[in-house]
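Supplied in structure tokens, the structure appears directly below.
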Amino acid sequence: MSIWDIHYAALYASPIAVDAVLTVTCGDPPMALRAIDKTAGLVIEGNEAGRNRFSSEVQTVEPAAAVRATDLAGIDLADLRGASLEINGKTWTVRNHLLKPAPTGEGKGEVLLLLTELA
């Protein structure tokens, strides 16, 4: 176990993280996990959110939630699009995701779920 594993374990066990439920649309059962609520808005660089690589470098503020990559190890990340995330009493649709690798690798860091409000 690396120092980064200990860091993320402590962070997601702390009051900063909240209980959430992720439901992937491909028929898997709902999954309970811990997430960091960033639905008030997170600054995303123009090209990071799956936009055209030739678009201008404009920052946007988008609702998001951070989850541990290890919590999503059994899920194909492509299946996250269209999934729903219930966090802090509100249900969101996952529009896209971004990987935030730890120094020990992509699978040990975080996944930012970029969210859209359900109508």
Side-chain angles (χ1 to χ4, degrees):
M1 180 177 279
S2 76
I3 189 70
W4 289 100
D5 294 329
I6 295 167
H7 164 75
Y8 283 115
L11 180 64
Y12 281 87
S14 77
I16 293 171
V18 297
D19 293 327
V21 177
L22 178 68
T23 305
V24 180
T25 57
C26 66
D28 293 336
M31 177 180 169
L33 47 72
R34 300 277 292 166
I36 298 174
D37 188 336
K38 297 178 179 286
T39 56
L42 181 69
V43 175
I44 305 291
E45 295 296 326
N47 290 339
E48 288 183 342
R51 293 175 177 80
N52 183 324
R53 66 185 183 116
F54 299 111
S55 67
S56 61
E57 292 291 325
V58 177
Q59 293 181 336
T60 59
V61 177
E62 300 187 31
V67 298
R68 290 183 69 183
T70 55
D71 289 344
L72 301 178
I75 296 175
D76 181 355
L77 295 181
D79 291 339
L80 288 173
R81 266 195 192 174
S84 67
L85 180 73
E86 184 180 330
I87 185 168
N88 283 330
K90 191 169 185 179
T91 302
W92 299 81
T93 298
V94 178
R95 184 181 54 76
N96 208 347
H97 70 278
L98 296 173
L99 299 176
K100 293 197 61 160
T104 53
E106 204 170 75
K108 299 287 186 170
E110 294 175 297
V111 177
L112 288 177
L113 303 176
L114 304 180
L115 306 171
T116 303
E117 283 187 70
L118 284 178

Next on the checklist: Give me the atom names and distance for the closest heavy-atom approach of Arg68 to Ala9.
Outcome noted: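 That closest heavy-atom pairing would be NH1-CA, 3.6 Å.
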Item to check | salt bridge (charged side-chain N to carboxylate O under 4.0 Å, His left out) partners for Asp5, two or more places apart | outcome: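 For Asp5 there are no salt bridge (charged side-chain N to carboxylate O under 4.0 Å, His left out) partners, ignoring immediate neighbours.
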Next on the checklist: Applying side-chain contact (heavy atoms from CB on, under 4.5 Å), can you list everything that pairs with Thr93, at least two apart in sequence or on another chain?
Outcome noted: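 side-chain contact (heavy atoms from CB on, under 4.5 Å) check on Thr93 returns Leu118.
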Item to check | Nearest heavy-atom neighbours spanning Ala20 and Ala35 | outcome: CB-CB, 4.0 Å
Checklist entry - In chain order, what residues pass the side-chain contact (heavy atoms from CB on, under 4.5 Å) check against Ile16, with sequence neighbours excluded? => result Leu11, Ser14, Ile36
Item to check | Partner residues of Asp19 under the side chain to side chain donor-acceptor pair (under 3.5 Å) criterion, sequence neighbours left out | outcome: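 With neighbours one apart ignored, the set is Arg34.
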Checklist entry - With Lys100, which residues qualify under side chain to side chain donor-acceptor pair (under 3.5 Å), at least two apart? => result none
Item to check | Nearest-0.5 Å distance, NZ of residue Lys108 to OG1 of residue Thr70 | outcome: 7.0 Å
Checklist entry - Residues two or more places apart in sequence or in another chain: which of them pass side chain to side chain donor-acceptor pair (under 3.5 Å) with Tyr12? => result Glu110
Item to check | By side chain to side chain donor-acceptor pair (under 3.5 Å) - contacts of Thr39 (at least two apart) | outcome: Asp37
Checklist entry - Excluding sequence neighbours, so at least two apart, what forms side-chain contact (heavy atoms from CB on, under 4.5 Å) with Pro30? => result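 side-chain contact (heavy atoms from CB on, under 4.5 Å) list for Pro30, sorted by chain: Val21, Thr23.
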Checklist entry - Given a cutoff of under 4.5 Å between side-chain heavy atoms of I, L, V, M, F, W and Y, with clusters grown through shared members, what are the other residues clustered with Leu115? => result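 Members other than Leu115 - counting any ILVMFWY side chain reachable under 4.5 Å - are Val18, Leu22, Val24, Met31, Leu33, Val67, Leu72, Ile75, Leu77, Leu80, Leu85, Ile87, Trp92, Val94, Leu99, Val111, Leu113.
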Next on the checklist: Do Asn96 and Arg81 make a side-chain contact, defined as non-hydrogen atoms from C-beta onward lying under 4.5 Å apart?
Outcome noted: yes
Checklist entry - If every non-hydrogen atom of Thr104 is compared with every non-hydrogen atom of Ser2, which pair is closest and at what distance? => result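 In this case the closest contact between Thr104 and Ser2 is CG2-OG, 3.7 Å.
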